[in-house]
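In what follows, a single structure is set out as structure tokens and then discussed.
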Amino acid sequence: MTAPARIAPAAAPPAGATPLRPAAASDPSTASDSRRWPFLRQSFPRRPFSWRSWTVRAALPLAVLLWLLALRTTRLDRIGDLGLLQALPPAYYAALAVLTAGFLAALRTPWLPQRRLAWYVLALIALVHATPSLLYPTLRYSWAWKHVAVVDAMLRHGGTVPDAGKLDVYNQWPGFFALHALVLRATGLHSALGYASWYPLIANLLLLGPLLLLFRSLTRDRRLVWCALWLYYATSWVGQDYFSPQAFAYLLYVTVIALTMRQLSLKGRGVGRFGWRPGPYALLLALIAAIASSHQLTPVMLVSSLAVLALPRRNRRTVLPVLAAALALTVAWDATVARPFVAANLHGLITALAAPDRNAVAGLARLGAAAPGQVLASWIDRATTAAVLLLALVAVLRRRRARRTTLPLLLLAPLVLLLANGYDGEMLFRAYLFALPVTAFLIAALLAPGPPRPPGPDRPARPSGLPRPPVRLAVTGTVLTALLGGLLFGYYGKEAVNHFSPQEAAAVRYATEATPPGSRIVSLTSDEPGGELHYDQHQWTILVDADPADRKLLVTDPETALTDALAAGPAGTPSYLVLTRAQFAACQLTGLLPAGATDEIQYTAAHLPTLRAVHRSADAVVYQYRPPPAAPAPAPAPEGGTP
């Protein structure tokens, strides 16, 4: 077993910024440690022809080659209950296995340059987050299409989205959309649709900088830093990195926490009278203002994290000014611009505070009628979440210095979200996402190899470069592989609903652009690409969002349910029905409707005399509703007789 980590500095640094390990001598930035401990200079001899160095050099290009081969042989028509996992060929999984083995070898080879670890982390980001962008011909996620529509509406109307209806919440937190509208005006692009497909890759690459700053504020051991980065990207399965305000706000949140932790690690050097110099503090104010104006949830999480960071007295000079700014800006925004939404949902927030247990498990019990693959993926998601949190807890218990920092407090900070709201059953996973940077670092402190210990009278120096015990190496490799497998199930398991074919996009575009303005458009679910792009010209009705009685009628009598939905509204209003492959997949995989109900709805729509197909393809169909002719009025009865 690896001995507990040793601490290089003699004086106790500020809580929350204590290095968990001394730096390795191979790192030029830690020359002072080499001078202090001469044995470190001799601990990492260069061995260019060792089997591990050869593995590190060969595994990365081999993994990339296998990945490119997999992209050429992927068949999207095989996507089913387990999403993209069924469509990807064996070469893709071989690429991930080779990449993991190469990274593990690089982690155990301290005499190699640290940039080798950086290339492996970048390759992992590309293999996971660039794969859907390269495979799918259209934008992934229906919510991403909705956010593109909001940016487009702000461009067309010069700011606030008028008559937004359900989209009005974005008028109250417009920071993300206003930024992209500004980008489009500056670049001359007509829509964010072109680069939104690459947003997951862009967001994760941008997140690499704040995470690197955060982890380097906690330790000078570069191998520990890159192991923590690998673990973060290997366990971030929640999928909140698409084109959305929450992805943007989360990036800023990690940046604020990283800058604060970096300031704590300075130990009083380079800080102003109030803990911050004017320039860095002004940057923090701008970041916090952007968070408060872009998302409802992230400012609450930021205030919670800063509050726990301020608990140790030695941190308060640095953290309290940031906490005060975050609290003031959040309250000011919610009390002014976002006041309509806050007032309308205040009762629900108070109710949620009284039922934290229901918030934690809300929405997780709706799996009885789901597809078997989705049930399996859901349990693997939960198992991955539990395993990550359990490993982080073990690290806190095993690493004594970790218990003396604010890392355990930061691990508990997201629990305030569970007390606040159920968030449609996703709050548990949102809390997991906000705790992930801390959990990844703690697990890395548990698994990553530490530098050699200084020799003592009864403990001779262990020659570095010798392989670790095979059992520990096998355990580390098994943990990394298992966590990466959990990521794939969580991140790719719902692609039957999340991805759209060009035929589906064409059908929705026909319904929103080729139909008369003011038309009523009805669809089974909201899983369609771009229904909100012309939200102000049409009335969109979602059948599964209706009252329970209407949803039951859709199952028992689809002809009456479809006719009532299409005939609702003022007389003479054109009505259209849009049915797509992704809508049927959403109902079948998640159990929104009983098994066989979607086939019955599809058959009924095809044979209903009042519906005429005006656009049809393999994956979608658009029907026009033609109301039956009105029955002639009865002739008036003659005077003094019967008709």
Side-chain angles (χ1 to χ4, degrees), residues 138-200 202-203 206 240-253 286-299 329-330 332-345 500 505 508-509 511-515 517-519 521 523 526-540 542:
T138 60
L139 178 61
R140 184 180 178 219
Y141 287 120
S142 60
W143 284 93
W145 284 87
K146 180 181 295 186
H147 298 149
V148 169
V150 175
V151 175
D152 177 73
M154 286 190 174
L155 277 176
R156 286 189 285 113
H157 298 286
T160 303
V161 180
D163 303 323
K166 292 183 179 181
L167 302 181
D168 188 58
V169 65
Y170 300 126
N171 284 328
Q172 300 173 49
W173 280 277
F176 168 80
F177 305 102
L179 173 64
H180 283 278
L182 182 63
V183 170
L184 294 179
R185 290 193 185 98
T187 58
L189 298 175
H190 298 290
S191 174
L193 196 59
Y195 62 84
S197 298
W198 293 95
Y199 198 82
I202 296 171
L206 291 177
Q240 294 298 312
D241 52 7
Y242 61 96
F243 188 75
S244 62
Q246 54 264 38
F248 173 70
Y250 180 74
L251 171 64
L252 300 184
Y253 161 82
L287 295 175
I288 296 171
I291 294 174
S293 63
S294 297
H295 197 229
Q296 312 96 293
L297 187 64
T298 308
L329 289 174
T330 301
W333 188 272
D334 291 348
T336 54
V337 181
R339 184 176 180 179
F341 179 87
V342 173
N345 293 273
F500 306 103
V508 177
R509 186 166 57 250
T512 56
E513 296 181 359
T515 57
S519 298
I521 301 176
S523 64
S526 59
D527 300 286
E528 36 76 23
E532 296 85 2
L533 287 176
H534 296 278
Y535 78 96
D536 50 350
Q537 300 179 12
H538 303 286
Q539 306 172 28
W540 202 285
I542 307 299

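If you read the sequence from its start, that first residue is 1, and numbering goes on from there. Fair warning: this is a prediction, and the values are worked out from it, not measured in the lab.
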Can you tell if the side chain of [X] reaches within under 4.5 Å of the side chain of [Y], non-hydrogen atoms only?
X    : Y    : result
F341 : D334 : no
Q537 : T512 : no
V148 : S191 : yes

W198 atom CH2, over 12 foreign heavy atoms within 6.0 Å: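 Check passes, neighbour count above 12.
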Closest approach of T330 and P299, non-hydrogen atoms and distance?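 Looks like OG1-CB, 3.4 Å.
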S526 and S142: which non-hydrogen atoms are nearest, and at how many Å?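 The answer is O-CB, 3.7 Å.
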Derivation of the side-chain contact (heavy atoms from CB on, under 4.5 Å) call for L287 and Y253: CA-CA 8 Å; L287 295 175; Y253 161 82; over 6 Å; no
Return the orientation label for the H180 and Y195 ring planes: parallel under 30°, perpendicular over 60°, tilted otherwise.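 Aromatic pair H180/Y195 classed parallel.
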Which of these passes ring pair (Phe, Tyr, Trp, His ring centres under 6.0 Å) with F243: F176, F177, W143?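 Among the candidates, only F176 passes.
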Can you pull the salt bridge (charged side-chain N to carboxylate O under 4.0 Å, His left out) pairs that have at least one residue in residues 148-162, sequence neighbours excluded?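 Passing the test, one end in residues 148-162: D152-R156, R156-D536.
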State the [atom1]-[atom2] distance between [X] and [Y], to the nearest 0.5 angstrom.
X    : Y    : atom1 : atom2 : value
W173 : I291 : CH2   : CD1   : 14.5 Å
E513 : L533 : CD    : CG    : 7.5 Å
I542 : E528 : CD1   : CD    : 6.0 Å
L251 : I202 : CG    : CD1   : 11.5 Å
T515 : I521 : OG1   : CD1   : 4.5 Å
T336 : Q172 : OG1   : CD    : 10.0 Å

Could you tell me whether a side-chain N or O of S294 sits under 3.5 Å from a main-chain N or O of A249, the two making a donor and an acceptor?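 Pair absent, no side-chain N/O of S294 close to backbone of A249.
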Please check: side-chain N/O of W145 versus main-chain N/O of L193, any donor-acceptor pairing under 3.5 Å?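 Between the backbone of L193 and the side chain of W145 there is no qualifying donor-acceptor contact (under 3.5 Å).
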For the pair H295 and Y250, evaluate side-chain hydrogen bond (donor to acceptor under 3.5 Å, both in side chains) and give the outcome as yes or no after the intermediate values. CA-CA 9 Å; H295 197 229; Y250 180 74; over 6 Å; no
side-chain contact (heavy atoms from CB on, under 4.5 Å) between F248 and H147, worked out: CA-CA 12 Å; F248 173 70; H147 298 149; over 6 Å; no
Does the side chain of W540 pick up a donor-acceptor pair with the side chain of S523 at under 3.5 Å?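 Yes, side-chain donor-acceptor contact under 3.5 Å.
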With sequence neighbours left out, what residues match Y141 under ring pair (Phe, Tyr, Trp, His ring centres under 6.0 Å)?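 Ring pair (Phe, Tyr, Trp, His ring centres under 6.0 Å) check on Y141 returns Y242.
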